[in-house]
Amino acid sequence: MYKINHITPEELSSVTKPPASGLLVMTADGEFLLTKRTSKAHYLGGHWSVPSGESNVNELESLEDCARREFFEETTYQIPSESKLYCIDRYYADNRIYFLFLYKTKKKFFVKIDWEHEAVGWFKKDNLPEPMAPQILDAISRF
């Protein structure tokens with residue numbers, strides 16, 4: 001279960017895990033980079049989603065830095081530190097607050113996925129793979 005942008009006080013009080021960040025990449029031509037989580041993943045296993053993960057609160061990592069780091073760890077592609085990231089959503093899921101950032105790029109680039117994923121691809125909004133993580137599908141539907 002997830003809830004976009006309007007998190008209730010009850011949900012906030014039940015948060016037990018550090019925040020997490022994810023990064024949705026979109027080209028100027030309207031293609032989105034998506035990764036398919038392995039079926040063994042404890043959260044949304046087998047779903048198409050975006051590289052994401054828990055922030056390192058012990059090092060006071062910003063949510064943007066978390067999104068960049070997780071993207072690099074899961075794809076070996078380094079998002080330039082000077083590139084602007086846009087926070088497009090936050091939601092409550094899996095006992096944490098999750099922040100979704102958008103990175104706009106002029107063209108597609110190659111990524112090499114890690115063990116957390118079994119597939120990767122660039123997709124247009126009208127030809128998305130299934131099953132999609134509902135929160136990512138919701139975000140893409142607004143573009």
Donor-acceptor pair, distance only, cut-off 3.5 Å: does the side chain of R96 make one with the backbone of P18?
yes

Flag side-chain contact, heavy atom, 4.5 Å: Y77 against F72
no

Measure the spacing between SG of C66 and CG of N56 and express it to the nearest 0.5 Å.
8.5 Å

So L85 and L102, side chain to side chain contact (heavy atoms under 4.5 Å, CB included) or not? Walk me through it.
CA-CA 6 Å; L85 299 184; L102 175 69; over 6 Å; no

Would you say CD of E130 has more than 12 non-hydrogen atoms from neighbouring residues, nucleotides or ligands within 6.0 angstrom?
no

Tightest non-hydrogen contact, residues G22 and A67, listed as O-CB, 4.0 Å

Under 4.5 Å between any side-chain heavy atoms of F123 and P129, yes or no?
yes

Any side-chain heavy atom of S52 sitting closer than 4.5 Å to one from F101?
no

Report the residues that fulfil ring pair (Phe, Tyr, Trp, His ring centres under 6.0 Å) with F99, sequence neighbours left out, ordered by chain and then residue number.
none

What residue pairs, at least two apart or across chains, pass side-chain hydrogen bond (donor to acceptor under 3.5 Å, both in side chains) with a residue in residues 111-123?
T35-H117, E74-H117

Apply side chain to side chain contact (heavy atoms under 4.5 Å, CB included) to T76 and V111, showing your working.
CA-CA 6 Å; T76 69; V111 299; 5.6 Å; no

Whether K125 engages the ring of F143 as a cation-pi pair (distance to the six-membered ring centre under 6.0 angstrom, angle to the ring normal within 45°) should be assessed.
no

4.5 Å side-chain heavy-atom contact, T105 and L33
no

Closest non-hydrogen atom pair, S49 against I136:
OG-CG1, 3.6 Å

Check the pair Q135 / L44 against side chain to side chain contact (heavy atoms under 4.5 Å, CB included), numbers first and verdict last.
CA-CA 11 Å; Q135 58 272 35; L44 292 173; 3.5 Å; yes

So CG of D89 and OH of Y98: to nearest 0.5 Å the spacing works out to 10.0 Å

Taking C-beta and beyond as the side chain, do L24 and I88 meet within less than 4.5 Å on heavy atoms?
yes

W48 versus L137: any side-chain heavy-atom pair under 4.5 Å?
no

When rounded to the nearest 0.5 Å, the distance separating OG1 of T38 from NE2 of H47 is 12.5 Å

Can you confirm whether S83 sits close enough to R68 that some side-chain heavy atom of one is under 4.5 Å from a side-chain heavy atom of the other?
yes

Distance col, row I113:CD1 vs T75:OG1, nearest 0.5 angstrom, shows 10.0 Å

Using the ring of F109 (Phe, Tyr or Trp, six-membered ring only), decide whether K107 places NZ or CZ under 6.0 Å from its centre and within 45 degrees of its axis.
no

From CA spacing to verdict: side chain to side chain contact (heavy atoms under 4.5 Å, CB included), E61, R69:
CA-CA 10 Å; E61 179 180 50; R69 176 183 51 78; 2.7 Å; yes

Between S55 (side chain only) and L63 (backbone N and O only), is there a donor and an acceptor less than 3.5 Å apart?
no

Less than 4.0 Å between a side-chain N and a carboxylate O, is that true for R142 and D138?
yes

Distance check, rounded to the nearest 0.5 Å: Y86 atom OH versus K104 atom NZ?
5.5 Å

Is any side-chain N of the basic residue among K108 and E31 closer than 4.0 Å to the acidic one's carboxylate O?
yes

Check whether any side-chain heavy atom of I140 lies under 4.5 Å from a side-chain heavy atom of L128, and answer yes or no.
yes

OG of S141 to CE of M132: how many Å apart, nearest 0.5 Å?
9.5 Å

Those residues that, when tested against E70, pass salt bridge (Lys or Arg N to Asp or Glu O under 4.0 Å) (two or more places apart)
none

